[in-house]
2 protein chains.
Amino acid sequence: MSDTEAPVAVGTLQEVLAALSDPVRLEMVRRMHAAAGPAPCARLYDGVSKSTASHHFKILREAGVTERSVIGGQTHQELRLDDVEERYPGVLRSILSVS
Amino acid sequence: MSDTEAPVAVGTLQEVLAALSDPVRLEMVRRMHAAAGPAPCARLYDGVSKSTASHHFKILREAGVTERSVIGGQTHQELRLDDVEERYPGVLRSILSVS
DNA sequence: GGCTCGGTTCGATGATTATCAAACTGATGT
DNA sequence: ACATCAGTTTGATAATCATCGAACCGAGCC
């Protein structure tokens, strides 16, 4: 079974930038982008504890940058690139394209 | 007389995003962009003390986002849009173009 | 010299925030 | 029922950070 939550509106530009300014979260976002679809949580981070990772996922979701879905009982996270692009054109796209 | 400091290299993407994620600093950057050239410090902020503003200017400079110059004895701040664009194409430009 | 004006630096304080371990929850499997 | 696995929440701690006032500095002016 698949279950996706009703996504919150994309947050303020400040919220989005603050969400992306943490290295752990930016790496999460990069991996979600590479995954190009719902990805299991555990594949999206390294070097921090489960609880810390969950905290960062929450911040990303509350900024409207990602959404959570449950697929076959497992939680997945997914980048809301189109939504963020619609609200702030070019911002997330350029950040992801930069090395 | 005009005196411009040798600008530091543009910082990491994290540093740049962190610098822009503060509302006071983003407003400073917006005003510098509008000024399109060296602008006197006092025109670039509202609602915080002189010392706080100076602190924020420093963070922006250390991230390589702005530079300081002295024109006729007065300190001015200027956006380094071209340098940041060269290092992180699209990032700062898109942030400035967004409402 | 002494004064003001614009900025910076110092030191302190309060608020955020990142982090973890532990307890909890919900689903799956035996 | 029990155990396990994945993720969340809670509570606490440590670190970072924004903010301010006060002291300081350099340039121009009287």
Side-chain angles (χ1 to χ4, degrees), chain A residues 1-5 7-8 11-29 31-32 35 38-63 65-79, chain B residues 1-5 7-8 11-12 14-29 31-32 35 37-63 65-79:
Chain A
M1 273 306 302
S2 174
D3 163 37
T4 300
E5 293 167 7
V8 173
T12 65
L13 182 61
Q14 301 295 344
E15 281 176 325
V16 173
L17 294 178
L20 299 173
S21 72
D22 181 276
V24 174
R25 291 194 291 266
L26 184 58
E27 177 65 19
M28 287 172 162
V29 166
R31 295 194 190 187
M32 286 182 219
C41 297
R43 304 249 172 263
L44 300 173
Y45 66 94
D46 270 323
V48 292
S49 70
K50 250 190 336 177
S51 52
T52 299
S54 187
H55 162 72
H56 286 306
F57 286 135
K58 186 178 185 180
I59 290 181
L60 288 170
R61 282 196 310 271
E62 288 177 347
V65 173
T66 65
E67 71 189 336
R68 180 166 51 178
S69 57
V70 180
I71 303 177
Q74 314 263 15
T75 305
H76 289 60
Q77 311 279 339
E78 183 177 7
L79 195 57
Chain B
M1 269 307 301
S2 174
D3 162 38
T4 302
E5 294 168 7
V8 174
T12 65
Q14 302 294 344
E15 281 176 326
V16 173
L17 294 178
L20 299 173
S21 72
D22 182 276
V24 174
R25 290 194 291 265
L26 184 57
E27 177 64 20
M28 286 171 164
V29 166
R31 294 194 190 185
M32 287 182 218
C41 296
R43 304 247 173 258
L44 299 173
Y45 67 93
D46 271 322
V48 293
S49 69
K50 251 190 333 178
S51 52
T52 299
S54 187
H55 162 72
H56 287 305
F57 286 135
K58 184 178 185 181
I59 290 181
L60 288 170
R61 281 195 313 269
E62 288 177 346
V65 174
T66 65
E67 70 189 336
R68 180 167 50 178
S69 56
V70 180
I71 302 177
Q74 313 263 16
T75 306
H76 289 59
Q77 311 279 341
E78 182 176 8
L79 194 56

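Here the structure is a predicted model, which means the values were calculated and not measured.
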Asker: Nearest whole Å is fine: how far is C:dG6 P from B:Ile71 CD1?
Answerer: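 Nearest whole value for this atom pair: 16 Å.
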Asker: Kindly indicate, with the supporting measurements, whether the criterion side chain to side chain contact (heavy atoms under 4.5 Å, CB included) is fulfilled by B:Val8 and B:Glu62.
Answerer: CA-CA 7 Å; B:Val8 174; B:Glu62 288 177 346; over 6 Å; no
Asker: Whole angstrom is fine here: how far is it from CZ in B:Arg43 over to C1' in C:dG7?
Answerer: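 Interatomic distance, CZ of B:Arg43 to C1' of C:dG7: 16 Å.
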Asker: Just N and O in the side chain of B:Arg68: are any of them under 4.0 Å from OP1 or OP2 of C:dT8?
Answerer: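 Yes, within the criterion.
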Asker: Let me know the distance between CG of A:Leu20 and P of C:dT17, rounded to the nearest Å.
Answerer: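 About 15 Å, once rounded to whole Å.
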Asker: Describe the nucleic acid contact of A:Thr75 in one word from base, sugar-phosphate, nothing, applying a heavy-atom distance below 4.0 Å.
Answerer: sugar-phosphate
Asker: Hey, does B:Tyr45 have a side-chain heavy atom less than 4.5 Å from the side chain of B:Lys50?
Answerer: yes
Asker: Measure the spacing between CG of B:Leu17 and OG1 of B:Thr12 and express it to the nearest 0.5 Å.
Answerer: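 Interatomic distance, B:Leu17 CG to B:Thr12 OG1, rounded to 0.5 Å: 8.5 Å.
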Asker: Counting side-chain heavy atoms from CB outward, which of C:dC20, C:dG7, C:dA18 is closest to A:Arg25?
Answerer: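 When the side chain of A:Arg25 is considered, C:dA18 is the closest of C:dC20, C:dG7, C:dA18.
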Asker: Mapping B:Lys50 and B:His56 to their closest nucleotides on DNA chain D, which lands nearer the 5' end?
Answerer: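 Its nearest nucleotide lies further toward 5', so the answer is B:His56.
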Asker: For A:Phe57 and A:Leu44, run side chain to side chain contact (heavy atoms under 4.5 Å, CB included): C-alpha distance rounded to whole Å, both residues' side-chain angles, the deciding distance at 0.1 Å, then the answer.
Answerer: CA-CA 10 Å; A:Phe57 286 135; A:Leu44 300 173; 4.0 Å; yes
Asker: Give the nucleotide from the list C:dT9, C:dT19, C:dA21 with an atom nearest to the side chain of B:Lys58.
Answerer: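 Nearest nucleotide to the side chain: C:dT9.
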Asker: CG of A:Leu60 versus C1' of C:dA18: gap in Å, rounded?
Answerer: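 Rounded to the whole Å, the gap is 14 Å.
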Asker: Apply the test side chain to side chain contact (heavy atoms under 4.5 Å, CB included) to residues A:Thr52 and A:Val24: give CA-CA distance (whole Å), side-chain angles for both, the deciding distance (0.1 Å), then the verdict.
Answerer: CA-CA 10 Å; A:Thr52 299; A:Val24 174; 5.8 Å; no
Asker: Rounded to the nearest Å, what distance is computed from the CD atom of residue A:Glu62 to the C1' atom of nucleotide C:dA18?
Answerer: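 Atom-to-atom, A:Glu62 to C:dA18, this comes out as 15 Å.
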Asker: Grab the CD-P distance between A:Glu27 and C:dA18 for me, whole Å please.
Answerer: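 From A:Glu27 CD to C:dA18 P: 16 Å.
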Asker: Please give, in whole Å, the distance from C:dT17 P to B:Asp22 CG?
Answerer: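 Nearest whole value for this atom pair: 11 Å.
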Asker: Regarding B:Thr52, tell me which of base, sugar-phosphate or nothing describes its non-hydrogen contacts under 4.0 Å with the strands shown.
Answerer: base
Asker: Rounded to whole angstroms, how far apart are NE2 on A:His55 and C1' on C:dA21?
Answerer: 15 Å
Asker: Among B:His76, B:Glu78, B:Arg61, which one satisfies side-chain contact (heavy atoms from CB on, under 4.5 Å) with B:Arg68?
Answerer: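 Only match with B:Arg68 under side-chain contact (heavy atoms from CB on, under 4.5 Å): B:Arg61.
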Asker: Okay, side chain of A:Arg31, backbone of A:Arg43: is any donor-acceptor separation there less than 3.5 Å?
Answerer: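 It does hold such a pair.
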Asker: Tell me, please, the opening and closing nucleotides of DNA chain D, 5' to 3', among those with an atom under 4.0 angstrom from a non-hydrogen atom of chain A.
Answerer: D:dA6 to D:dT9
